[in-house]
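None of the values given here were measured: they were computed from a predicted structure. What's counted below: heavy atoms across the whole structure, side chains too, no hydrogens, waters or symmetry copies. Just follow the structure's listing: the first ligand is 1, and inside any ligand the first atom is 1.
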Amino acid sequence: MKGGTALHGEVEVSGAKNAALPILASALLADGTTTFRNVPDLADVATMLEVLRTMGCEAARLTGKKADTCEISIAGNITPEAPYDLVKTMRASVLVLGPLVARFGRARVSMPGGCAIGARPIDQHLKGLKALGADIHLTEGYVEARAKQLKGGMVNFDVITVTGTENVMMAAVLAKGRTVMENCAREPEVEELARVLNKMGAKVEGAGTSVITIEGVESLNPVDHAILPDRIEAGTLLVAAAISGGNVLVKHARPEHLDAVIDKLREAGCTITAEGGGLRCKAPRSLKSVNITTTEHPGFPTDMQAQLMALMTVSHGTSVISENIFENRFMHVPELHRLGADITIQGHTAVVKGVKALSGAPVMATDLRASASLILAGLRADGQTEVSRVYHLDRGYERLERKLRGLGADIRRVKERA
Ligand code: EPZ
């Protein structure tokens, strides 16, 4: 890619990865055929469909005009197991644990293991399932969960966990009696999962708040549902407009899901307006530095930290960025240094001094959001930037380079050299 072009025009946001993954797993809760539309075409979604097929479900993305649609059919018994080979490539595969033990009385799911951005244990997922009466054993790197019938109970999470909340929700909907979950994650993706479960016939209340109450039901029905837009992809595209000094309408971006990000972009000097069912970002060539502290929703999302850091590398002043969710989420910093950024790390805080210009160079992606941050920096850098290991990007962005090219960016995908 070559930087320096101010982006202009309109771009569409795809369906949300972090809503699609738990929602695809929720199809395990009902017999019959479930249809999900607006499902982003991502490597992680393909892996979840593979996990479901490995168990004996029919799970596939349709083609042609319906290429954004996935259908999952479950007829009677399946093999309730998620193998290491798949779980190691995508830790969110652990989201089948709750629905499997609730629906089939047993599950064998590989432990996810560590990840580039942190240790990411699943102790809270297991704590929640135990509170509903599941018998849990860890053997040969697998979680073995069993329960003739889950029973409603009290679940109090020690830490706020998004997929932990989702996994326990998907178990509690078929448990006997009432479950009260406290200190829950309040992310829009948790709310969206509750919307789908209630459409299937569940009784979930309070999703989006820190207390969720669920009345268990006997059985659930398959549904047809369109998945909400991806707020992190929307935020990334708003930053693309900002870092290039452009003017872009991000269609389908929902302001109510991006308050903290919008506040920071406005504080930096962007004009953000709701327009045509989306958000427009108009940005001057030079922006002010702002401080960022990542917290759980509705605070500033950790999944936007790397992208905002890229913006701060060319903003006026000094920005202090504190990452409070994951212990190792500054892997993009040494690569931004290669582009000429001035960043100092002290523990889980990064101090970013804005520089006049970045200069293009070959850089390497280390995780999903780090790859987005390098592409954003490349949009601004003088000369050519080459981002390698973009398989990280494809896990969470649907053809991002094509969308940016549609806004005028000089960017193309080339085959990676061996
Ligand atoms: C979800 O991961 C997202 N992934 C992540 O997005 C996102 O960064 C994260 O939530 C935080 O918003 C999906 O939804 C598929 P957590 P999750 O459990 O659920 C600790 C992206 O870029 N913890 O909320 O795995 C954990 O170590 C990805 O799209 C425990 O200690 O995150 C972390 O420090 C990356 N024990 C904190 O809680 C547990 O049992 C929050 O993690 C669970 C979590």
Student: Can you check whether Met90 reaches Leu21 side chain to side chain, under 4.5 Å on heavy atoms?
Tutor: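 In contact.
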
Student: Got more than 12 heavy atoms from elsewhere within 6.0 Å of NZ, Lys282?
Tutor: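 For Lys282, atom NZ is not crowded (no more than 12 foreign heavy atoms under 6.0 Å).
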
Student: Show me the side-chain donor-acceptor pairs of residues 191-204 shorter than 3.5 Å, one per line, residues at least two apart or across chains.
Tutor:
from, atom 1, to, atom 2, distance (Å)
Glu192, OE1, Arg195, NH1, 2.2
Glu192, OE2, His225, NE2, 2.7
Glu192, OE2, Leu228, N, 3.2
Asn198, OD1, Val204, N, 2.9
Asn198, ND2, Val204, O, 3.0
Lys199, NZ, Asp224, O, 3.3
Lys199, NZ, His225, ND1, 2.8

Student: With a 4.5 Å cut-off on side-chain heavy atoms, are Pro112 and Arg120 touching?
Tutor: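 Result no, sub-4.5 Å side-chain heavy-atom pair not found.
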
Student: Please tabulate protein-ligand N/O pairs under 3.5 Å for ligand 1, atom names and distances to 0.1 Å.
Tutor:
from, atom 1, to, atom 2, distance (Å)
ligand 1, 2 (O), Arg120, NH2, 3.2
ligand 1, 6 (O), Asn18, ND2, 3.3
ligand 1, 6 (O), Asp303, OD2, 3.0
ligand 1, 8 (O), Asp303, OD1, 2.6
ligand 1, 8 (O), Asp303, OD2, 3.4
ligand 1, 18 (O), Thr161, OG1, 2.7
ligand 1, 19 (O), Thr163, N, 2.8
ligand 1, 19 (O), Thr163, OG1, 2.6
ligand 1, 22 (O), Arg329, NH2, 3.2
ligand 1, 22 (O), Arg369, NE, 2.8
ligand 1, 24 (O), Val162, N, 2.8
ligand 1, 25 (O), Arg120, NH2, 2.9
ligand 1, 29 (O), Lys17, NZ, 3.0
ligand 1, 29 (O), Asn18, ND2, 3.1
ligand 1, 29 (O), Arg369, NH2, 2.8
ligand 1, 34 (O), Ile325, O, 2.6
ligand 1, 36 (N), Pro121, O, 3.4
ligand 1, 36 (N), Asp123, OD1, 2.7
ligand 1, 40 (O), Pro121, O, 3.3
ligand 1, 40 (O), Asp123, N, 3.1
ligand 1, 40 (O), Asp123, OD1, 3.2
ligand 1, 40 (O), Gln124, N, 2.7

Student: Side-chain atoms of residues 141-155: list all donor-acceptor pairs with protein atoms under 3.5 Å, sequence neighbours left out, distances to 0.1 Å.
Tutor:
from, atom 1, to, atom 2, distance (Å)
Tyr142, OH, Tyr84, N, 2.9
Glu144, OE2, Arg108, NE, 2.8
Gln149, NE2, Leu174, O, 3.2

Student: Just grab all the side-chain hydrogen bond (donor to acceptor under 3.5 Å, both in side chains) pairs involving residues 332-345, residues at least two apart or on different chains.
Tutor: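 Applying side-chain hydrogen bond (donor to acceptor under 3.5 Å, both in side chains) to every pair that reaches into residues 332-345, excluding sequence neighbours, yields Gln305-His332.
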
